[in-house]
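Heavy-atom basis, side chains included; hydrogens, waters and symmetry copies ignored. Only a predicted model underlies this, so the values are computations on that prediction, with no experimental measurement involved. Here is how names work: the chains are called A, B, and so on, in the same order as the sequence lines, proteins then strands, and each is numbered from 1.
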2 protein chains.
Amino acid sequence: MRWAPDSRARLQRAAFELFAEQGYSATTVPQITARAGLTTRTFFRYFADKREVIFGGNEIPERAARLIAEAPADLEPMEVVRLVLDRVATEQFAGQGEQTAALRAIIHANDSLRDRDARKRDDLVRAARAAFIERGVPSLRAGVVAELGALLFHTALEEWATDHESRSMTVVLDQVMALLDAETHA
Amino acid sequence: MRWAPDSRARLQRAAFELFAEQGYSATTVPQITARAGLTTRTFFRYFADKREVIFGGNEIPERAARLIAEAPADLEPMEVVRLVLDRVATEQFAGQGEQTAALRAIIHANDSLRDRDARKRDDLVRAARAAFIERGVPSLRAGVVAELGALLFHTALEEWATDHESRSMTVVLDQVMALLDAETHA
DNA sequence: ATCGTGACGACACGACCTGTCATGACGATG
DNA sequence: CATCGTCATGACAGGTCGTGTCGTCACGAT
């Protein structure tokens, strides 16, 4: 073999090591590639930009869209949201509390990462909105439902990241849903 | 006077002209400053980065926080949200439909601007959340309320930008609020 | 008359990101 | 076995963004 395998994984690992050692903005792409034994140019073949080494590979929007499309046809949109969120909460985040909290801390500490994080949420909204329209939901309503789903997901994730010891992500989600209900009923 | 006045305004005007002529990403900061008769360095004294020439000067988070703080003390949080949104809709956006639509189009066409736009929404949420906590609302509930406010504002703004001829921003806001109510009551 | 201040220019520099071409291992195909 | 295409990577040049630093000159205050 001419080159060591798993270039992408090596880059990602080297990047997170360096972020932990000296922070995100203080580490440069050449530093990352040097540690991974590759060139700068190769980094940008795997990641569109420096931020994507943190966000990349998640595929959350695609996953959400698929789950929405596959949900039973007789469910109301908000019931679908609830179903999808429960599945994601149990499958994706169970036991990942420590890691999730660390990641949120890195993101919150850097404006450029906050930019990207916020857009990832918007990407999720767009994908979910399109998936609901595909199910026959009128577009404006689909937009509201998708936004509500993202609101629930994001609020619960942030809350859980600050305290993942005492409650599971699913429990937090239920709390936030209850709060949402209370606000909109008054 | 050694220099012409209104440097900031001149930069902004030159920038929007060039964005209209050749698109956002195709215009460089030196092009903008050349047209404004200034140097590149001066551009970055007025704007933190190239994107801020589009978003800067709005001060929406501060404005929202002030309105929330000044609302009558006996109002429920969501009533405050409604009050604030109505004021912003009438005062800030009346008659600005064409301009708003054009701006949204520029933003949606560029990933880097979508990043920043999404973060501006998050900035708004944080400011509103803090303002509600200041009013004595528990933090998680304050977060949900702030998110709901941003959801309403953003959804209505996008909807209105696509069709500002037939309805005022206030009317769109009422529609979106009605939809939100319907979703969360089922 | 002198001095401080503030806006701007001039210049250098590092980091980010891209375009383009070369290279060599590997597998398919004859 | 020979050849050929493909694919991952290297090598290098270059453009844009954003910042640090210092000089310069008008203006107003003392």
Q | End axis versus end axis in the helix from C/dA1-D/dT30 to C/dG30-D/dC1, the angle rounded to 10°, five pairs used at each terminus | A | 0°
Q.
Would you say that more than 12 heavy atoms from the other residues, nucleotides or ligands in this model lie under 6.0 Å from the CZ of B/Arg87, or not?
A. no
Sub-3.5 Å pairs of nitrogen or oxygen atoms, protein against nucleotides 16-18 of chain D:
{"unit_1": "D/dC17", "atom_1": "OP1", "unit_2": "B/Lys50", "atom_2": "NZ", "d": "3.1"}
{"unit_1": "D/dC17", "atom_1": "OP2", "unit_2": "B/Val29", "atom_2": "N", "d": "3.2"}
{"unit_1": "D/dG18", "atom_1": "OP2", "unit_2": "B/Lys50", "atom_2": "N", "d": "3.0"}

Q. Which nucleotide in the set D/dG20, D/dA11, D/dG10 lies at the smallest distance from any side-chain heavy atom of A/Arg41?
A. D/dA11
Q. Would you say B/Phe16 and B/Leu103 make side-chain contact, with heavy atoms under 4.5 Å?
A. yes
**Q.** Residue pair A/Arg167, A/Gln175: steps toward the side-chain hydrogen bond (donor to acceptor under 3.5 Å, both in side chains) verdict
**A.** CA-CA 10 Å; A/Arg167 302 162 293 172; A/Gln175 283 185 247; 3.0 Å; yes
Q. Counting only heavy atoms not in A/Glu62, do more than 12 sit closer than 6.0 Å to its CD atom?
A. yes
**Q.** Geometric class of the A/Trp160/A/Phe93 ring pair [parallel <30°, tilted 30-60°, perpendicular >60°]
**A.** perpendicular
Q. Do the side-chain N and O atoms of B/Asp115 and B/Ser112 include a donor-acceptor pair separated by under 3.5 angstrom?
A. no
Q: Would you please name every residue forming a salt bridge (charged side-chain N to carboxylate O under 4.0 Å, His left out) with A/Arg82, sequence neighbours left out?
A: A/Asp174
Let me have the donor-acceptor pairs involving side chains of residues 36-43 of chain A, under 3.5 Å, with sequence neighbours excluded, atom names and distances please.
{"unit_1": "A/Thr39", "atom_1": "OG1", "unit_2": "A/Thr42", "atom_2": "OG1", "d": "3.2"}

Q. Is any side-chain heavy atom of A/Leu148 less than 4.5 Å from a side-chain heavy atom of A/Val81?
A. no
Q.
How many whole angstroms separate atom CD of B/Gln31 from atom P of D/dG15?
A. 14 Å
Q. Is any side-chain nitrogen or oxygen of B/Tyr46 closer than 4.0 Å to OP1 or OP2 of C/dA7?
A. no
Please list each protein N or O that sits under 3.5 Å from an N or O in nucleotides 21-25 of chain C, with the distance.
{"unit_1": "C/dT23", "atom_1": "O2", "unit_2": "A/Arg2", "atom_2": "NH1", "d": "3.2"}
{"unit_1": "C/dG24", "atom_1": "O4'", "unit_2": "A/Arg2", "atom_2": "NH1", "d": "2.6"}
{"unit_1": "C/dG24", "atom_1": "O4'", "unit_2": "A/Arg2", "atom_2": "NH2", "d": "3.0"}
{"unit_1": "C/dG24", "atom_1": "N3", "unit_2": "A/Arg2", "atom_2": "NH1", "d": "3.1"}

**Q.** Residues in contact with DNA chain D, drawn from residues 6-22 of chain B - heavy-atom cutoff 4.0 Å
**A.** none
**Q.** Exam field: side chain A/Asp6 to backbone A/Ala9, donor-acceptor pair closer than 3.5 Å
**A.** no
(Q) So B/Val125 and A/His154, do their side chains get closer than 4.5 Å, heavy atoms only? (A) no
(Q) How about CD on A/Gln99, more than 12 heavy atoms from neighbouring residues, nucleotides or ligands closer than 6.0 Å, or not? (A) no
Q) Rounding to a whole Å, what distance do you find between A/Asn110:CG and C/dA15:C1'? A) 14 Å
Q) Is the shortest heavy-atom distance from the side chain of B/Glu158 to the side chain of B/His108 under 4.5 Å? A) yes
